[in-house]
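Below is one structure, written out as structure tokens, with a few remarks after it.
Lettering of chains follows the sequences in order, A, B, ..., and the numbering in each one begins at 1.
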2 protein chains.
Amino acid sequence: MSASERVVPEGARRRRRPTKQGTVLSEQLIVETTLRLIGEHGAAALTVRRLGAALGCDPSALYRYFRDTDELLLAVADELIGRTMRGWRPTGDWRADLRTLGLRMHADYLAHPQAATLTCARVTGRTHEIRSVEAILGVLRGAGFPDAEAVRIYHVFVDQTLSFAALDASTLVLTERARTQEVRTWPDTYARLPAGTHPNIAATAGALVAEMDRSGYPAALEMVLAAAAARLGHVRTTAP
Amino acid sequence: MSASERVVPEGARRRRRPTKQGTVLSEQLIVETTLRLIGEHGAAALTVRRLGAALGCDPSALYRYFRDTDELLLAVADELIGRTMRGWRPTGDWRADLRTLGLRMHADYLAHPQAATLTCARVTGRTHEIRSVEAILGVLRGAGFPDAEAVRIYHVFVDQTLSFAALDASTLVLTERARTQEVRTWPDTYARLPAGTHPNIAATAGALVAEMDRSGYPAALEMVLAAAAARLGHVRTTAP
DNA sequence: GTTCACACGTCAACGGCGTTGTCATAAGGT
DNA sequence: ACCTTATGACAACGCCGTTGACGTGTGAAC
């Protein structure tokens with residue numbers, strides 16, 4: 001039996017046979033367990049063997065449900081998009097709505113960094129994504145942005161949110177050793193540079209260490225929203 | 001001999017001994033070969049064993065130069081930064097300088113998309129990176145931004161540039177089939193949605209297809225620069 | 001010019017990974 | 001109650017990063 005014939009689509013499953021340890025597998029259970037594994041034990045804990053152990057089945061049993069680990073991660077990504085958009089409703093205040101949605105997307109993706117790094121750059125064209133495009137464009141057009149402007153700001157908003165999510169998520173995917181070393185580079189290397197050779201770094205060392213310890217996304221988001229607001233004010237006064 | 005004693009810093013090397021196949025190793029040669037390997041055969045081709053084969057040495061010889069593959073990646077990242085900073089000189093116009101540097105970094109990273117996706121998120125603490133931090137902070141403080149403001153804007157500027165570079169690079173890394181499918185999603189799926197169910201997408205379809213076909217970075221950069229300029233004007237008028 | 005410490009390339013091995021071919025067995029339609 | 005076959009289990013393959021031991025050629029010292 002070749003690999004392409006091994007996977008059985010979820011709808012066509014007929015015999016739900018428990019594993020030796022008693023669990024009954026399903027696509028849904030595997031996706032949920034994968035997310036739980038990432039959440040509880042870090043991104044590095046996601047291996048087919050460990051996932052099998054967490055599910056109480058042989059690792060190879062997973063290949064009855066997904067062609068390979070990439071297909072499993074895409075299923076996880078799809079679940080993630082659904083969770084992110086669920087429960088968000090626009091209030092009518094465009095700036096607050098975009099701020100809330102941006103921070104929410106950023107946070108939700110960071111909660112599952114392994115899936116986020118693999119997923120952020122993809123355009124799926126699936127229902128959850130389409131609903132988000134429609135909603136964000138609606139917020140911008142409802143605020144009074146002309147169509148061309150709304151599209152441009154939509155593009156910046158979405159790509160910036162996803163790219164920062166990917167960037168921040170990728171640091172969470174590093175090994176424990178690499179991540180702590182990364183964090184310590186600012187106080188240990190940059191904060192100790194002499195003012196003679198590096199005056200600007202030395203003068204701002206304290207602020208630099210504090211600033212680089214957190215994500216730049218909230219500040220970047222505020223700057224984009226401020227620029228958009230300025231643009232909206234300009235549009236309103238010149239072409240009402 | 002423990003792992004921490006195995007690596008010899010480049011400056012302290014005394015005996016340059018050729019490998020069986022005749023190549024003389026060096027940090028520089030290893031980094032260059034790594035970039036070439038990634039560029040020619042993709043990021044997935046970067047393994048210690050393949051790198052050893054490309055260099056004509058035993059894979060374990062690399063551990064005389066780098067503690068582990070992560071340290072090697074940091075060296076590669078710094079080489080990319082160095083290539084970007086080479087030739088850039090501030091003119092005194094902070095906004096034009098940051099615009100030029102941002103677009104240049106973005107373009108240079110995209111020229112090595114395979115390496116970019118692996119290294120964009122890393123803080124190297126190495127010479128080229130330190131020089132770039134010093135230079136950008138110098139531009140901002142020279143423009144009159146107070147230290148706290150300069151650090152915040154530096155953070156947004158750098159992370160935005162690198163994260164967009166990683167995002168845009170990752171689409172270039174997809175297989176030909178996946179990338180064309182991704183591009184066609186906008187005209188084929190989004191542009192065909194009916195106005196009844198998706199009024200905002202339908203109303204902006206033409207602009208949407210055109211906008212999503214290019215990178216959002218230039219527009220995002222302009223918005224951040226505009227917000228920074230507004231902030232600078234505010235600082236100058238209230239606390240001169 | 002000989003000596004000699006040791007830097008550094010090589011070898012072999014370890015444990016872990018994703019994946020696949022094969023087998024056995026229990027589920028469920030008949 | 002039977003048979004088919006879906007599906008889980010097992011074992012093995014060929015990768016991977018990394019390490020400890022080894023020995024050889026280098027370059028400094030005299």
Problem - Distance-only donor-acceptor test (3.5 Å): side chain A:Arg16, base D:dT7 - result: no
Exercise for the section: Establish whether the base of C:dC8 is bridged to the side chain of B:Thr19 by a donor-acceptor pair shorter than 3.5 Å. Expected result: no
Practice task
Would you mind reading off the distance between B:Leu72 atom CG and D:dC16 atom C1', rounded to a whole angstrom?
Solution key: 15 Å
Practice task
Rounded off to whole Å, could you give me the CG-to-C1' distance for the A:Asp70 and C:dT19 pair?
Solution key: 14 Å
Practice task
Give the rounded distance in Å between these two atoms: OH of A:Tyr63 and P of D:dA12.
Solution key: 18 Å
Practice task
Using only side-chain N and O atoms of A:Thr69, determine if any of them is under 4.0 Å from OP1 or OP2 of C:dT19.
Solution key: yes
Practice task
Determine: side-chain N/O of B:Tyr65 to OP1/OP2 of C:dC8, distance under 4.0 Å, yes or no.
Solution key: no
Exercise for the section: Output yes when B:Lys20 and B:Asp58 qualify as a salt bridge under the 4.0 Å nitrogen-oxygen rule, no when they do not. Expected result: no
Problem - base_contact_polar (C:dC11 base, B:Ser60 side chain, donor-acceptor, <3.5 Å) - result: yes
Handout entry: Test item: A:Val48 and A:Tyr63 side chains (from C-beta on) under 4.5 Å apart, heavy atoms
Key = yes
Handout entry: Interatomic distance, B:Phe66 CZ vs D:dG17 P [rounded to whole Å]
Key = 15 Å
Practice task
Using a strict 4.0 Å threshold on nitrogen-to-oxygen distance, state whether B:Arg83 and B:Glu79 make a salt bridge.
Solution key: yes
Practice task
Take the protein atom CG of A:Leu62 and the nucleotide atom P of C:dT20, then report the distance between them rounded to whole Å.
Solution key: 13 Å
Practice task
With the side chain counted from C-beta on, respond yes when B:Tyr65 and B:Glu71 share a heavy-atom pair under 4.5 Å apart, and no when they do not.
Solution key: no
Exercise for the section: Please determine if a side-chain N or O atom of B:Arg6 lies less than 4.0 Å away from the OP1 or OP2 oxygen of D:dT18. Expected result: no
Completion exercise
From CZ of A:Arg49 across to P of C:dT20 the rounded distance in Å is 13 Å
Handout entry: Closest nucleotide among D:dG17, C:dG9, C:dT10 to the B:Val48 side chain
Key = D:dG17
Handout entry: Distance, rounded to the nearest Å, where A:Asp58 contributes CG and C:dA24 contributes P
Key = 16 Å
Problem - A:Arg64 (side chain) and D:dG8 (base): donor-acceptor pair under 3.5 Å - result: yes
Fill in the blank from the handout: Separation of D:dG25 atom C1' from B:Leu25 atom CG, nearest Å, is 15 Å
Problem - Residue A:Arg17, side-chain heavy atoms: nucleotide from C:dT10, C:dT25, D:dG17 that is nearest - result: C:dT25
